[in-house]
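Down below is the structure, laid out as structure tokens.
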Amino acid sequence: MEDNIINGHTLVFTLGGNNLFENITVKDKIVNFIADFSSVEVTTLNSIKNSLIKFSVSISKKKGTFVIVSKYSFEDKLNIVPSLQEAQDLIEIEEIERQLNV
């Protein structure tokens, strides 16, 4: 699994090969997550869908955002966008909304 931290608080990760979604390590300062699944097939996404939903709920409870980059819209309960830039934009919008609701 490859990962990258942007803006000091957002972890961007990808899956491939034998890497598992459950292997994500979360650090205290990381509150937002982007899963770059742009090269993952829909059958694989459907097989890990429940884990993704659970992860999304746990991140929301911690006042963070979880966004998936994919060419497939495979679940209505998840934030799924077609590009990394749109994922970053969505996180920025949600951060502003959280600040306004404080």
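In what follows, residues are counted from 1 in the order of the sequence shown.
- Remark: Lys77 engages Ile53, Glu75 in a side chain to side chain contact (heavy atoms under 4.5 Å, CB included) (not counting sequence neighbours).
- Contact detail for Val31 and Ile59: the closest heavy-atom pair is O-CG2, 3.6 Å.
- The side-chain hydrogen bond (donor to acceptor under 3.5 Å, both in side chains) check on Gln88 picks up nothing, with sequence neighbours excluded.
- With hydrogens and angles ignored, the 3.5 Å screen pairs a side-chain donor or acceptor of Ser60 with a backbone N or O of Ser56.
- Taking CG from Asn50 and OG from Ser47, the interatomic distance works out to 10.0 Å, rounded to the nearest 0.5 Å.
- Across every non-hydrogen atom of Thr10 and Ile30, the tightest pair is N-CD1, 4.3 Å.
- Smallest separation of non-hydrogen atoms from Ile68 and Phe37: CG2-CD1, 3.7 Å.
- Legend: residues meeting side chain to side chain contact (heavy atoms under 4.5 Å, CB included) with Ser38, ordered by chain and number and at least two apart, are Asp36, Val69.
- For the atom pair Ile80 CD1 and Leu45 CG, the distance stands at 7.5 Å (nearest 0.5 Å).
- Considering all non-hydrogen atoms of both residues, Leu52 and Leu78 come closest at O-CD2, 3.8 Å.
- Every residue was checked against the side-chain hydrogen bond (donor to acceptor under 3.5 Å, both in side chains) condition with Glu92, not counting sequence neighbours, and none meets it.
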Quick one: do Ile91 and Ile34 satisfy side chain to side chain contact (heavy atoms under 4.5 Å, CB included)? Show the steps, please.
CA-CA 9 Å; Ile91 287 172; Ile34 299 172; 3.5 Å; yes
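- Taking the side chain to side chain contact (heavy atoms under 4.5 Å, CB included) definition, one finds that Asn46 meets it with Val42, Lys49, Phe74, sequence neighbours left out.
- With sequence neighbours excluded, the residues that form a side chain to side chain contact (heavy atoms under 4.5 Å, CB included) with Glu86 are Val81, Pro82, Ser83.
- Rounding to the nearest 0.5 Å gives a distance of 13.5 Å between NZ of Lys63 and CD of Glu94.
- Side-chain contact annotation: Asn32 with Glu95, donor-acceptor N/O pair under 3.5 Å present.
- Checking Glu97 against Asn101 by side-chain atom types alone, no donor-acceptor pair falls below 3.5 Å.
- Note on Ile6 and Leu90: same hydrophobic cluster, where clusters join Ile, Leu, Val, Met, Phe, Trp and Tyr whose side-chain heavy atoms are under 4.5 Å apart, directly or indirectly.
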